[in-house]
Every structure is written in C-alpha cells, then in structure tokens.
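These notes concern the structure reproduced below.
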2 protein chains.
Amino acid sequence: MRLKDDNKKERIRNKAIEMIVHHGFDGLSMQKLAKAAGVSPATIYIHYKDRDDLIVTISLEIANRLFESSLLNFSPDMNFEEGMRLQWKNRANFFIAHPMDMLFIEQVRYSPVYEKVREMLGQNFKEIMGRFVNKAIANSQLVPLPFEVYWSVAFAPLYQLIKFHTQGKSYTGKNFTLDEAMMEQTLQLVLKALKP
Amino acid sequence: MRLKDDNKKERIRNKAIEMIVHHGFDGLSMQKLAKAAGVSPATIYIHYKDRDDLIVTISLEIANRLFESSLLNFSPDMNFEEGMRLQWKNRANFFIAHPMDMLFIEQVRYSPVYEKVREMLGQNFKEIMGRFVNKAIANSQLVPLPFEVYWSVAFAPLYQLIKFHTQGKSYTGKNFTLDEAMMEQTLQLVLKALKP
DNA sequence: TTTATAAAAGAATGAATATTCATTTATATT
DNA sequence: AATATAAATGAATATTCATTCTTTTATAAA
C-alpha cells in the first residue's frame with residue numbers, strides 16, 4: 001500500500017503556520033492552504049480531521065516541542081540562578097531558531113483556540129517547574145511567592161523581549177534586535193527581583 | 001434628517017468584541033454580528049467601512065482609551081516609584097473594569113491586525129513614557145537600560161498577571177484571582193529589579 | 001509481477017461569506 | 001405640516017468557504 005508522505009504533511013503544516021502568522025486565523029482557508037502547500041484540498045483531510053483539528057494539532061506540536069527544548073539539560077534540583085539561566089537560554093534558543101513557530105504559538109496563546117490546547121497539554125512540564133520553584137523557595141534561593149507571580153516576573157519579560165526581536169520592532173514601531181548582552185542584562189534584573 | 005443611532009453603533013461594537021473574545025477573529029462574521037446586535041447587515045456598513053475597518057477602529061478606540069486611563073494623574077516628572085505605582089494602578093483598574101476590552105486588545109496585540117493598529121496610534125503616549133524613563137535614569141531612580149528592556153520588565157509581568165486574572169485561570173489551568181496584595185507584591189519585585 | 005490498500009487528486013457540493021442595492025423610515029429643518 | 005436627508009432595512013449578489021465524492025496513483029506485501 002501507499003504510505004503517507006510526511007514531506008507533504010510538513011508542507012501543509014509549515015504553510016498553515018506561515019499563513020496564520022501573516023494573515024491571522026481568518027486568513028487561513030483550506031483551499032488557499034492547499035494551493036500554497038501544492039496539494040489537493042482533500043489531501044489536508046487525510047492528515048487532519050478538519051480545520052480546527054489542524055490548528056489545535058499544530059499548536060500542540062509546537063507547545064510540546066517548546067517544553068521539551070526548555071527542559072534540555074534542566075533539572076528541578078538545580079540551583080535557582082543556574083536553572084533560570086538555562087530556562088532563559090533554552091527558550092530563547094528555541095524561539096530564535098523557530099521565529100514562525102514563536103509568532104504562531106503566541107497568537108494561539110492569546111486566542112480562544114488556546115482553551116482547547118491547554119487541556120491537551122502534558123502535565124510533566126508544570127510538575128517539573130513546580131518542583132523547581134518550591135525547592136528554590138525552600139532553599140531560600142527564591143523569595144516566597146505564588147507560582148503565577150513567579151511565572152509573570154520570571155518569564156513574561158523574556159517573552160516580551162523575544163517578541164519584539166522576532167517582529168524586528170518594539171511596540172512603538174522602533175526597530176529592535178535583541179542581543180546576548182541585552183538578554184543577560186534583563187535576566188540579571190529578573191534575578192535581582194526574585195532572589196531574597 | 002435622521003441621525004446616527006449611537007446606541008446601535010455601541011451594540012455592534014460590543015457584540016463584535018464579545019464574538020472575537022469568545023470565538024476568535026474567524027468567529028466574527030458580519031451576518032452573525034448583525035443578528036447578535038439586532039441590526040441589519042447593511043447597518044454595520046453605515047458605521048464602518050468594511051470588516052477590516054471595524055476591527056481596526058475598535059482596536060484603536062480601546063488602545064487609546066487604555067493609554068488615556070494609564071495617564072490619569074500621571075506626569076513624566078513624577079518620582080519613579082510613584083509613577084510606576086500609578087501606571088500599574090491605572091492599567092489594572094482599566095483592565096479589571098473592562099475585561100472584554102482587555103481580552104480583545106491582547107488578542108489584537110498578538111495578531112497581524114496589530115500592524116495596522118500600531119501605525120495609527122498616537123505618539124503622545126510613547127513620548128510621555130519616554131520622558132518618564134529618561135528622567136528616572138538621569139535622577140538615578142532607575143537603572144540605565146534600553147526602553148524595550150524597561151518595558152518588558154516593568155509591564156509584561158503586570159499584563160501576564162491580569163490576563164490570568166481575567167481568564168480566571170493561570171496558564172496551567174489552575175483557578176486564579178489577582179488581589180490587591182498580590183499585585184503590590186509583584187510591583188515590589190519589579191521595583192526591586194529596576195531600582196539602582 | 002500481481003494484488004491489495006491507502007494516499008492523493010480534482011471536481012463538485014451546499015452552506016456561509018462580505019458587501020451592495022433598492023426601498024422604507026425617522027427626524028431636523030423649513 | 002411639509003420636505004429633505006441620511007439612517008436603517010431586508011433581500012439579493014457573487015464569491016469563497018469547509019468538506020466530501022469518485023477516481024487515479026503509488027507502493028508494500030504476496
């Protein structure tokens with residue numbers, strides 16, 4: 001029997017991401033996607049149940065790949081500063097290597113689609129980060145705070161900076177490029193905030 | 001002659017925001033919107049040039065109202081901590097008073113629509129905040145840093161927390177409510193990061 | 001080589017889409 | 001009260017939409 005052509009599926013996937021990044025969710029039509037990917041509309045439905053499944057599946061793939069990347073060489077038993085620096089490095093590496101994925105997943109995260117994505121995400125990641133935070137607090141390497149406050153202070157600035165970088169401009173429209181030094185400076189500020 | 005019924009326009013506006021917040025940009029159709037607002041499809045086109053203009057115009061309205069709110073009683077000559085606290089308070093008040101506007105504008109901010117919105121935004125706000133930051137650095141009340149780093153550290157955590165709050169859950173799905181004390185705690189962390 | 005099987009294609013379907021048109025309606029001005 | 005004017009309507013338009021149907025094609029297993 002004939003096997004599924006993964007290259008074909010990848011083309012569909014990549015073009016879908018591209019279309020959504022450039023034209024939003026309402027810029028994605030199955031026919032335009034088929035044309036852009038060089039396949040028949042019907043072929044999309046061999047790989048994805050329907051339009052919604054396409055979006056959710058791709059979102060999950062990227063989210064899981066991001067989590068996986070962020071956990072590279074990471075352990076919840078790490079020293080707090082060391083762990084934070086590694087998380088920052090891993091996330092930054094992923095986003096800068098895959099700018100389209102970054103813009104796509106951020107768009108998803110702020111759209112109603114994320115509701116569906118959230119409940120299908122693995123639990124691993126939250127557990128590991130939860131342990132990391134609790135341990136750091138117990139060891140007096142991190143000021144005691146609710147997980148959501150930690151998350152907001154620890155990572156929201158990084159995401160914001162990387163978004164500016166990926167878009168090539170800050171929210172005022174000014175051209176912007178994030179370099180190693182600026183990222184390190186920002187991490188230092190965040191660590192200053194979080195360390196007792 | 002007959003006058004434009006502002007109540008009608010407001011109904012269109014509010015239902016559009018509601019539909020986009022709940023079902024995303026691809027959940028907004030002009031016919032559904034007309035039905036939800038209790039008007040004829042044609043009536044929408046009396047108030048907005050087309051679908052795109054509707055979305056961009058509403059986005060601009062909300063963005064400008066947010067800026068205005070954030071500048072209530074604010075002056076770039078303020079002491080840094082005082083100014084930061086006021087910005088946090090003003091923004092939080094606006095978002096918590098208008099949760100739908102918050103979810104709408106955040107969705108816009110992460111979508112390609114924002115490109116169009118950005119270039120139509122007034123310059124006032126950036127100028128005032130730019131002066132505030134420069135002055136604070138000159139007075140050694142704020143550590144020297146690029147505006148984008150300041151912005152990311154100073155406000156991204158607030159936006160993240162308010163988003164958790166407005167959605168009623170954190171990104172892990174856990175129920176979440178932001179209270180005064182938690183906001184103050186987070187502001188303290190951010191100030192610790194930013195003060196020399 | 002043949003056969004069985006599922007992938008892939010392209011055309012077709014009906015529903016939904018944004019927008020407009022001809023008509024009616026409300027009201028400010030005269 | 002009459003008139004002029006623009007708001008508002010509902011039906012209509014052509015287009016685009018997601019999805020499926022039938023047919024063809026590639027290939028793994030026999």
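Since this is a predicted model, take the numbers as computed values, not measurements. The basis for the numbers below is simple: all heavy atoms, side chains too, and nothing from hydrogens, waters or symmetry mates. Chain A is the first sequence line, chain B the second, and so forth, proteins listed ahead of strands; every chain is numbered from 1.
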Any chance you could list the contact pattern along nucleotides 5-18 of chain D? Use B for base contacts, S for sugar-phosphate-only contacts and - for none, protein heavy atoms under 4.0 Å, 5' to 3'. BBBBBB------BB
Donor-acceptor pair, distance only, cut-off 3.5 Å: does the side chain of K135(A) make one with the backbone of M78(A)?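 Not at all, since once roles are kept as given, no pair shorter than 3.5 Å links the two residues.
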Looking at D26(A) and D26(B), would you say the former's side chain and the latter's main chain have a donor-acceptor pair under 3.5 Å?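 Such a contact is absent between D26(A) side chain and D26(B) backbone.
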Let me confirm one number: the NZ-CD1 distance from K126(B) to I128(B), rounded to the nearest 0.5 Å.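 Taking NZ in K126(B) and CD1 in I128(B), the distance rounds to 12.5 Å.
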Can you classify the ring geometry of F147(B) versus W151(B) as parallel (below 30°), tilted (30 to 60°) or perpendicular (above 60°)?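 It falls in the parallel class, under 30°.
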When you check the gap from the basic side-chain N to the acidic O, do R131(A) and E127(A) get nearer than 4.0 Å?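 A salt bridge is absent here (no side-chain N lies under 4.0 Å from a carboxylate O).
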